[in-house]
Amino acid sequence: MIMREMLMKQQFYDNLRDADLALDQQLAQQSSRYTALRTISFLGMVFALAAGYDGHPIGTILGLILLLLFIVLVRKHHVLKQSQLLLRSRLAVIASFLDRFNGNWQNAAETGLQHHKDSRPQEIDLHIFGPSSLYQYLCSARTKRGRERLARALSPVPPAKTRILARQQSIRELLTKPEFCLELEARARLLPDNHDTTALIDELEHHDVHQHIHILLQRTAWPLPVLTILSLLLAGVGILSWTVPGLMACLQFGLTMLLFQRTQAILAPLGSLSHELHHYEALFASLEQADFTSTTLQGLQQRLQSGQAAQSLHTLAALTDRVSQRGNIFFFFVANTLLLWDLHCSIQFSRWQDRAAENLREWIDIWSEIEVLLSLSVVGHTRETCCFPEILDGAPHIETTDLTSLLIPEDTAIPNDTALEAETRIITGSNMSGKTTYMRTLASAAVLAYAGAPVCARQFALTPLHIFTSIQVNDDMAHGISTFYAELLRIKQMVEFSRKETPMLICIDEIFKGTNSADRIVGAQEAIRHLTRSWCITIVTTHDFELCDLQSPNGIPVTNFHFEEFYENNQIKFDYKLKEGRCHTTNARYLLQMAGILTDSNTINE
């Protein structure tokens with residue numbers, strides 16, 4: 001299935017940006033008007049109330065009217081500012097998509113390098129993590145859990161086929177809802193960068209039931225404030241002595257201070273939360289109200305709906321807002337003296353914990369999975385030519401048509417076709433001709449396929465294969481490991497894993513380049529014999545033409561392919577197309593001359 005809908009292309013995001021910029025200007029003008037109206041109404045209120053104080057009753061009435069107007073304006077201005085924040089967040093998301101068209105995505109701060117494991121050199125070899133990596137291109141996740149989940153999805157180890165197909169189904173649907181994806185990403189971007197809810201979830205799940213407020217206090221939490229306010233009203237009209245409400249107020253404040261340590265402990269998890277809960281509430285509301293058709297997305301939606309995630313987060317967010325008001329010492333004194341504010345907040349929070357806390361981890365995990373799906377859908381939103389891989393059963397097999405790398409701009413990437421079965425493929429070619437890029441493109445496309453994402457090809461099919469690589473091998477001075485020995489350890493790992501007879505895709509770049517040519521050829525021949533198996537697709541690049549004559553040790557095909565250069569007007573050129581057979585040209589001498597190291601023009605290889 002080739003996705004060529006122009007809505008997914010750059011013009012779609014350019015149009016959205018232009019429309020949103022115009023709307024942002026309109027909102028800015030409205031905000032200025034609200035500021036002016038607030039100032040006028042406030043000043044008018046002050047003068048009107050002053051006139052009322054001087055004995056003009058109409059001034060008091062007008063002042064109260066202007067006070068109400070001021071409150072309404074403040075509230076409407078707040079709503080407008082929230083709309084501006086969301087719109088600017090949306091503009092930032094649109095800019096990130098446009099960056100993927102113009103190449104500026106490589107400046108994104110989130111490279112995923114922190115997720116790299118030393119035990120998986122494939123992650124560096126295939127540019128899965130780090131600068132200019134798959135992760136950097138794809139990542140739309142805002143939360144720490146979402147980013148960690150995306151990192152786990154980009155794995156050289158294939159998951160179950162059902163999991164791959166389920167993600168493919170979800171991403172297919174998201175690709176038909178670009179505006180919905182933008183809305184989710186824009187709302188998520190309002191969260192703090194790399195937002196982590198782990199500590200909060202742990203606290204809520206393991207809350208101490210012994211910290212709950214005693215049932216007797218819960219039953220008196222409402223009668224006491226009601227009696228206190230009633231006594232104030234009665235004292236105000238002269239029915240009661242002011243001593244009674246004074247004693248009631250002292251009783252409530254004393255009770256507040258007596259319970260202060262307990263209420264502080266109960267409310268502590270809410271101390272670090274404020275706007276974040278409102279953002280999660282909005283995200284869950286969007287997901288609960290969406291019209292999904294894919295089985296996986298419907299399943300995630302039903303889990304949110306059954307637990308009333310949005311409503312529960314709304315309740316918790318409102319409670320958090322009330323708790324945060326306690327930070328004002330004046331409010332703390334008045335609210336607790338008259339209303340037992342802390343006690344009521346503690347009771348409500350304890351009840352929320354009993355009712356909904358156990359679901360919070362599941363809800364956050366659902367959102368982190370949505371972040372993964374949004375990130376993986378980026379390929380389909382930003383590439384004209386892409387397809388969902390077909391996951392095959394049976395013997396090792398990879399087949400591609402017009403495969404290109406996600407990390408190379410689409411207008412300059414050179415596509416290649418591939419048909420591989422259980423075999424060893426020796427690839428020769430001159431320097432800079434595309435050997436390593438071809439291997440990386442093929443293996444990294446398999447990583448995307450395992451994650452459930454589209455790949456940059458017209459057609460892509462493969463059986464699940466464990467990916468092993470030896471491409472970007474470095475020495476380790478701290479442990480006394482040379483480059484050659486480091487590569488030996490990589491290939492030893494491949495040989496040992498191959499004994500499990502588990503399907504493998506093996507990519508080795510310039511095998512044993514760290515030693516002399518005689519030892520390199522002997523060692524390479526033996527390594528290739530060990531890795532030529534009926535459950536392995538092994539690709540080896542080399543400059544040693546002697547390896548092209550390698551015979552199969554067991555009937556598994558050993559084939560030769562190559563890349564080559566050509567010359568125009570004494571300039572070296574490359575077509576980056578894979579061709580059958582061995583290479584018959586070299587270009588090292590030309591490149592040495594081009595670098596100014598070799599000056600004899602007669603040494604140019606023609």
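Because the structure is predicted, anything quoted here is derived from the model rather than measured.
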*Tyr438 and Thr541: side chain donor to acceptor below 3.5 Å*: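 No, no side-chain donor-acceptor pair sits under 3.5 Å.
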Less than 4.5 Å apart, side chain to side chain, heavy atoms only: is that true for [X] and [Y]?
| X | Y | answer |
| --- | --- | --- |
| Phe349 | Leu316 | yes |
| Val323 | Arg326 | yes |
| Leu134 | Leu406 | yes |
| Gln348 | Arg322 | yes |
| Leu462 | Thr400 | no |

_Pair Leu21, Leu91 - check side-chain contact (heavy atoms from CB on, under 4.5 Å), show working._
CA-CA 8 Å; Leu21 285 173; Leu91 280 166; 3.9 Å; yes
Quick check: does any side chain N or O of [X] sit under 3.5 Å from a backbone N or O of [Y], one acting as donor and the other as acceptor?
| X | Y | result |
| --- | --- | --- |
| Ser375 | Ser140 | yes |
| Trp105 | Gln136 | no |
| Gln106 | Ser132 | no |
| Asp402 | Ala457 | no |
| Gln301 | Glu288 | yes |
| Glu371 | Arg147 | no |
| Gln169 | Leu297 | no |
| Asp509 | Thr436 | no |
| Glu276 | Pro192 | no |
| Lys577 | Pro415 | yes |

*asked:* Looking only at the aromatic ring of each residue, does the gap between the centers of Phe180 and Phe292 stay below 6.0 angstrom?
replied: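 Yes - the distance between ring centres of Phe292 and Phe180 falls below the 6.0 Å cut-off.
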Tell me whether [X] is salt-bridged to [Y], with the criterion being a basic N under 4.0 Å from an acidic carboxylate O.
| X | Y | answer |
| --- | --- | --- |
| Asp365 | Arg145 | yes |
| Arg100 | Glu410 | no |
| Asp14 | Arg17 | yes |
| Arg189 | Glu185 | no |
| Glu281 | Arg187 | no |

*Test log, rule side-chain hydrogen bond (donor to acceptor under 3.5 Å, both in side chains), inputs Asp321 and Gln325*: CA-CA 7 Å; Asp321 290 339; Gln325 293 175 317; over 6 Å; no
*Glu179 CD: over 12 foreign heavy atoms closer than 6.0 Å*: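 It does: Glu179 CD has more than 12 such atoms within range.
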*Is the number of heavy atoms from other residues, nucleotides or ligands under 6.0 Å of Asp118 CG greater than 12?*
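No, because the 6.0 Å sphere around CG of Asp118 holds 12 heavy atoms or fewer from other groups.
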Taking atom [atom1] of [X] and atom [atom2] of [Y], what is their separation to the nearest 0.5 Å?
| X | Y | atom1 | atom2 | value |
| --- | --- | --- | --- | --- |
| Cys536 | His466 | SG | NE2 | 11.0 Å |
| Gln114 | Asn194 | CD | CG | 7.0 Å |
| Gln305 | Gln311 | CD | CD | 13.5 Å |
| Thr404 | Arg383 | OG1 | CZ | 5.5 Å |
| Leu184 | Ile370 | CG | CD1 | 7.5 Å |
| Leu578 | Asn416 | CG | CG | 5.5 Å |

*Evaluate the ring planes of Phe97 and His381, with Trp represented by its six-membered ring, and classify them as parallel (under 30°), tilted (30 to 60°) or perpendicular (over 60°).*
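Correct class here is perpendicular.
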*Does the pair Thr296 and Leu373 meet the rule for a side-chain contact (heavy atoms from CB on, under 4.5 Å), with working shown?*
CA-CA 11 Å; Thr296 303; Leu373 297 175; 5.5 Å; no
_Walk me through whether Leu448 and Leu154 qualify under side-chain contact (heavy atoms from CB on, under 4.5 Å)._
CA-CA 7 Å; Leu448 288 175; Leu154 296 174; 4.3 Å; yes
*How would you list all residue pairs meeting side-chain hydrogen bond (donor to acceptor under 3.5 Å, both in side chains) that involve residues 440-450, not counting sequence neighbours?*
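Those involving residues 440-450 are Arg440-Gln472.
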*Please test Arg490 against Asp125 for side-chain contact (heavy atoms from CB on, under 4.5 Å), starting from the C-alpha separation and ending with a verdict.*
CA-CA 12 Å; Arg490 294 262 193 111; Asp125 283 355; 2.7 Å; yes
*Mind running salt bridge (Lys or Arg N to Asp or Glu O under 4.0 Å) on Lys177 and Asp291 for me, showing each step along the way?*
CA-CA 10 Å; Lys177 304 177 185 292; Asp291 182 22; 5.5 Å; no
